[in-house]
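Because only heavy atoms are used, hydrogens play no part in the values below, and waters and symmetry mates are left out as well, while side chains stay in. No experiment lies behind these values; they were computed from the predicted model shown.
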Amino acid sequence: MRIRVLIVEDDIRVARVNADYVERVPGFAVVGTAHTAAEARVRVQELAPDLVLLDHYLPGESGLRLLREISADTIMLTAVSDTSTVRAAFAAGALNYLVKPFTAEDLAERLAAYARYRAQLSSPDHTANQEEIDRAVRLLHDKDGKGTPKGRSAVTARLVAEALRQHREPVSASEIAQALGIARATAQRYLTTLAEDGRAIMNLRYGATGRPEHQYQWAQLPAQQS
């Protein structure tokens, strides 16, 4: 199931751009937009989003006030960067804070990190130990601002991630390479990065020759809220 996202942004054009950015990230889907705090309250009740992308400047009241009221996970997307507002946002429950203007890759990093964090804490009946909680917090922020590694293409990274996500069964780098028309070594590099980021699971499969082959599978994302 995809992570359901509500975008709260007063500028209609910016909301459309942000929605396009979100839809490019594997595992995420925009379920609605709101342009005022009042509209956002209604959308949250109607749509029950997993994640809200929230601007600070909204007609009539600040996004911080709305943040204190909603229970959905929230990431602030705003041009406001004074330290008092940043502290207030985190104190009110924001999971991350991204300052405008930002690129599609900047937002994709935060969304991918959120998916890893959510997957780490996805089981409602499981009591997490301290190590698991610490790992979840690290996953939420450990890739912030790092961007696509030098020598790598954000487009190729997205294509490899999407190809892997579409396979229900584990696949090899050779299979991904053949599907996308890229070199096996290239597919291997991007798949390794996905595994290191926690977005993919890597296992070894031993064939007739005894030489193990790396198999990759998209990490299970948390279930969609009803």
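For the pair K100 and H56, the minimum side-chain heavy-atom distance is 4.5 Å or more. For the pair I133 and Q130, the minimum side-chain heavy-atom distance is below 4.5 Å. Side-chain contact between V8 and L53 is absent, with no heavy atoms from C-beta onward closer than 4.5 Å. M76 places none of its side-chain heavy atoms less than 4.5 Å from the side chain of N96. With contacts defined as side-chain heavy-atom distances shorter than 4.5 Å, the pair Y97/T74 does not qualify. Considering only heavy atoms from C-beta on, D73 stays 4.5 Å or farther from V52 through its side chain.
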Open item on the list: side chain to side chain contact (heavy atoms under 4.5 Å, CB included) for D106 and T103? Distances and angles first, verdict last.
Closed with: CA-CA 5 Å; D106 292 332; T103 66; 3.1 Å; yes
Task: Stepwise side chain to side chain contact (heavy atoms under 4.5 Å, CB included) test for Q215 and M202 - done: CA-CA 6 Å; Q215 293 276 295; M202 188 277 288; over 6 Å; no
Task: Worked verdict on Y216 versus V160 for side chain to side chain contact (heavy atoms under 4.5 Å, CB included) - done: CA-CA 11 Å; Y216 298 88; V160 171; over 6 Å; no
TODO: Starting from the C-alpha separation in whole Å, work towards a yes-or-no answer on side chain to side chain contact (heavy atoms under 4.5 Å, CB included) for L107 and L98.
DONE: CA-CA 8 Å; L107 181 56; L98 186 56; 4.1 Å; yes
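The hydrophobic clustering, which links ILVMFWY residues whose side-chain heavy atoms are closer than 4.5 Å, places V80 and V14 apart. In terms of hydrophobic clustering, with Ile, Leu, Val, Met, Phe, Trp and Tyr side chains grouped at heavy-atom distances under 4.5 Å, I70 and V42 are assigned to different clusters. Connection of Y21 to I12 is not established within any shared hydrophobic cluster, with ILVMFWY side chains joined at heavy-atom distances below 4.5 Å, either directly or through further cluster members.
Taking CG of L66 as the reference point, atom CD of E39 lies at 11.5 Å (rounded to 0.5 Å). With rounding to the nearest 0.5 Å, the separation of OG in S174 from CZ in R184 is 4.5 Å. Of the inter-residue distances, the one linking L140 atom CG with L121 atom CG reads 9.5 Å to the nearest 0.5 angstrom. Distance CD/E175 to CG/L164: 10.5 Å, rounded to 0.5 Å. Rounding to the nearest 0.5 Å places CZ of R41 at 14.0 Å from CD of E46. We find the CG-CG distance between L54 and L6 to be 9.0 Å, quoted to the nearest 0.5 Å.
Side-chain atoms of R4 come within 3.5 Å of backbone N or O of L47 as a donor-acceptor pair. T193 places a side-chain N or O within donor-acceptor distance of the main-chain N or O of R189, the cut-off being under 3.5 Å. Under the 3.5 Å distance criterion, the side-chain polar atoms of Q217 are matched with a main-chain donor or acceptor of R168. Using a distance-only test at 3.5 Å, with no hydrogens or angles considered, no donor-acceptor pair links the side chain of S84 to the main chain of D82. Between the side chain of T192 and the backbone N or O of Q188, at least one donor-acceptor pair lies under 3.5 Å. In this structure, the side chain of Q166 does not engage the main chain of A163 through any donor-acceptor pair within 3.5 Å.
No more than 12 heavy-atom neighbours from other residues, nucleotides or ligands sit within 6.0 angstrom of CZ on R135. Crowding of E61 atom CD: a count of heavy atoms from other residues, nucleotides or ligands under 6.0 Å exceeding 12. At most 12 heavy atoms of other shown residues, nucleotides or ligands fall within 6.0 angstrom of atom OH in Y57.
The heavy-atom pair separating N18 from I7 by the smallest distance is C-CD1, 3.8 Å. Residues I176 and A187 share a closest heavy-atom pair of CG2-CB, 4.2 Å. Contact detail for P59 and T36: the closest heavy-atom pair is CG-CG2, 4.0 Å. Closest heavy-atom contact between A92 and L67: CB-CD2, 3.6 Å. Among all heavy-atom pairs drawn from G63 and L58, the shortest one is CA-CD1, 3.9 Å.
By the side chain to side chain donor-acceptor pair (under 3.5 Å) test, Y117 is found to be paired with no residue, residues two or more places apart in sequence or in another chain being considered.
Counting only N and O atoms by type, the side chains of Y114 and R118 include a donor and acceptor under 3.5 Å apart.
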Side-chain donor-acceptor contacts of residues 24-35 below 3.5 Å, not counting sequence neighbours, with atom names and distances?
{"unit_1": "R24", "atom_1": "NE", "unit_2": "D20", "atom_2": "OD2", "d": "3.1"}
{"unit_1": "R24", "atom_1": "NH2", "unit_2": "D20", "atom_2": "OD2", "d": "2.8"}
{"unit_1": "H35", "atom_1": "ND1", "unit_2": "E9", "atom_2": "O", "d": "2.8"}

